[in-house]
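Starting from 1, each residue takes its place in the sequence as its number.
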Amino acid sequence: MTAQPQSKHPKRYYVDLREPYRPRELRHIFVLESPPCSGKYFYDENGGTGEPLFLAMMKMMGRAPNDKREGLLWFKDCGYLLMDATYQPVNKGVSDGRRSQMILDDFNALVEDLLVVNPGQTAPLILVKANICRLLAPRLVQAGFNVLNNGAVVPFPASGQQNAFHRELAKFHTCNPCTK
């Protein structure tokens, strides 16, 4: 039996890191799996610009920031927001079945969070990582969200999947380099 991962931080910690970078006008919401076990959270401005997800998002925007805070401000200015399906790190030490169950167990909380940041459900969602696409796309569409993936799987941009990440994102013509 695989032990359930324990988050180093409660959900509020991650939301508080994200909040200063929440755009006033949302262009896209990226929904990913969870904060990583490594602690390299996307919205932690003390992290490095070489973190795989951060680097991929900056490349998507056509930007090369001097530090993470600068990049996060650009991400915000472009109208992008990143959210996690669950705030329990599930990327290591969890079986696929358990990981899926944890994500599904937190689905209602995800919907509540999405409605807080996107009350009119006007900003489209882009789901990232195969399991998130598979598990959440039909449920989010049924809940009234506009999921741009339309069956496409956007892989997480690490472990050799960086080019596939950018290739899949390029299919969403509204997700071009930021001009702000």
Side-chain angles (χ1 to χ4, degrees), residues 5-24 26-94 96 99 102-103 110 113 117 123-134 136 148-149 152-180:
Q6 295 298 312
S7 177
K8 295 178 188 176
H9 305 287
K11 176 182 174 180
R12 186 81 239 161
Y13 169 82
Y14 298 108
V15 172
D16 288 347
L17 285 175
R18 181 185 73 213
E19 193 59 27
Y21 301 105
R22 187 169 126 191
R24 201 173 283 209
L26 281 168
R27 186 171 168 197
H28 290 99
I29 300 172
F30 295 88
V31 178
L32 284 90
E33 187 178 66
S34 72
C37 293
S38 68
K40 295 179 180 178
Y41 186 58
F42 182 79
Y43 283 106
D44 183 354
E45 63 184 45
N46 296 312
T49 59
E51 295 171 7
L53 178 60
F54 184 81
L55 188 61
M57 291 299 192
M58 294 302 110
K59 182 176 179 182
M60 173 197 72
M61 296 187 318
R63 301 293 179 102
N66 293 314
D67 58 39
K68 200 156 177 200
R69 184 175 190 289
E70 180 180 48
L72 291 171
L73 288 170
W74 284 338
F75 198 73
K76 174 185 177 179
D77 289 346
C78 288
Y80 299 139
L81 185 69
L82 188 145
M83 298 179 73
D84 288 302
T86 183
Y87 287 90
Q88 289 295 314
V90 297
N91 64 313
K92 295 218 188 302
V94 181
D96 289 345
R99 175 182 299 131
M102 291 171 72
I103 291 165
L110 171 63
D113 289 347
V117 300
L125 309 181
I126 298 173
L127 309 183
V128 177
K129 201 160 184 229
N131 63 331
I132 295 302
C133 296
R134 183 185 71 254
L136 299 185
L148 289 183
N149 295 59
V153 172
V154 178
F156 188 81
S159 303
Q161 294 297 315
Q162 294 86 338
N163 290 337
F165 172 83
H166 291 290
R167 187 174 50 252
E168 290 304 316
L169 280 186
K171 294 177 181 177
F172 310 121
H173 297 291
T174 57
C175 194
N176 292 325
C178 184
T179 56
K180 288 190 176 192

Point to revise | Rounded distance [0.5 Å steps], CG in L136 versus CD1 in I103 | key: 6.5 Å
Review point. Should Y80 and P23 count as side-chain neighbours, where that means a heavy-atom distance under 4.5 Å?
Key: no
**Study point:** Any donor-acceptor N/O pair, K11 side chain to Q88 backbone, under 3.5 Å
**Key:** no
Review point. Atom CZ of R99 and atom OG of S34: how far apart are they, to the nearest 0.5 Å?
Key: 8.0 Å
Exercise for review: Run the numbers on F75 and Y21 for ring pair (Phe, Tyr, Trp, His ring centres under 6.0 Å), then give the verdict.
Suggested key: CA-CA 8 Å; F75 198 73; Y21 301 105; 9.4 Å; no
Study note, to complete from the structure: Heavy atoms of P124 and L148 approach each other most closely as CB-CG, 3.6 Å
Exercise for review: Identify the two heavy atoms, one from Q162 and one from A158, that lie closest to each other, and give their separation to 0.1 Å.
Suggested key: NE2-CA, 3.8 Å
Revision key, fill the gap. All heavy atoms of V117 vs all of L26, minimum pair found to be O-CD1, 3.1 Å
Review point. Rounded to the nearest 0.5 Å, what separation is found between the CD1 atom of I29 and the CZ atom of R22?
Key: 9.0 Å
Point to revise | Flag, side chain of K76 to backbone of P20, donor-acceptor distance under 3.5 Å | key: yes
Review point. Is the backbone N or O of C37 less than 3.5 Å from a side-chain atom of N91, with the two atoms forming a donor-acceptor pair by type?
Key: yes
Practice item. In sequence, state the C-alpha distance, the side-chain angles, and the governing distance for Y41 and Y13, and then conclude on ring pair (Phe, Tyr, Trp, His ring centres under 6.0 Å). Key: CA-CA 11 Å; Y41 186 58; Y13 169 82; 7.4 Å; no
Review point. Which atom names give the shortest non-hydrogen contact between F156 and Q161, and what distance separates them?
Key: O-CB, 3.2 Å
Review point. If you measure from CD1 on I126 to NE2 on H28, what distance do you get to the nearest 0.5 Å?
Key: 4.5 Å
Check your understanding: Is the backbone N or O of Y43 less than 3.5 Å from a side-chain atom of R18, with the two atoms forming a donor-acceptor pair by type?
Key -> no
Point to revise | Heavy-atom closest contact (A85 atom, I132 atom, distance) | key: CB-CD1, 3.9 Å
Point to revise | Side-chain (E51) to main-chain (G48) donor-acceptor, under 3.5 angstrom | key: yes
Check your understanding: Is E70 reaching over with its side chain to a backbone N or O of K68, donor-acceptor style, under 3.5 angstrom?
Key -> no
Check your understanding: Rounded to the nearest 0.5 Å, what separation is found between the CZ atom of R63 and the CG atom of D77?
Key -> 8.0 Å
Review point. Do the non-hydrogen side-chain atoms of M83 and Y14 ever get within less than 4.5 Å of each other?
Key: no
Review point. Any idea which heavy atoms bring C78 and R27 closest together, and the distance?
Key: O-CD, 3.3 Å
Point to revise | Sub-4.5 Å side-chain heavy-atom contact between V154 and L169 | key: yes
Exercise for review: Please step through side chain to side chain contact (heavy atoms under 4.5 Å, CB included) for the pair L82 and V128, ending with a clear verdict.
Suggested key: CA-CA 10 Å; L82 188 145; V128 177; over 6 Å; no
Review point. If we ignore angles and hydrogens, is there a donor and acceptor under 3.5 Å between the side chains of E33 and N131?
Key: yes
Review point. Can you tell me how far CZ of F30 sits from CG of L53, rounded to the nearest 0.5 angstrom?
Key: 9.5 Å
Exercise for review: Start with the C-alpha distance between W74 and M57, add both sets of side-chain angles, then the distance that settles side chain to side chain contact (heavy atoms under 4.5 Å, CB included), and finish with yes or no.
Suggested key: CA-CA 10 Å; W74 284 338; M57 291 299 192; over 6 Å; no
Exercise for review: Flag the pair F54 / L72 as yes when at least one side-chain heavy-atom distance between them is below 4.5 Å, and no otherwise.
Suggested key: yes
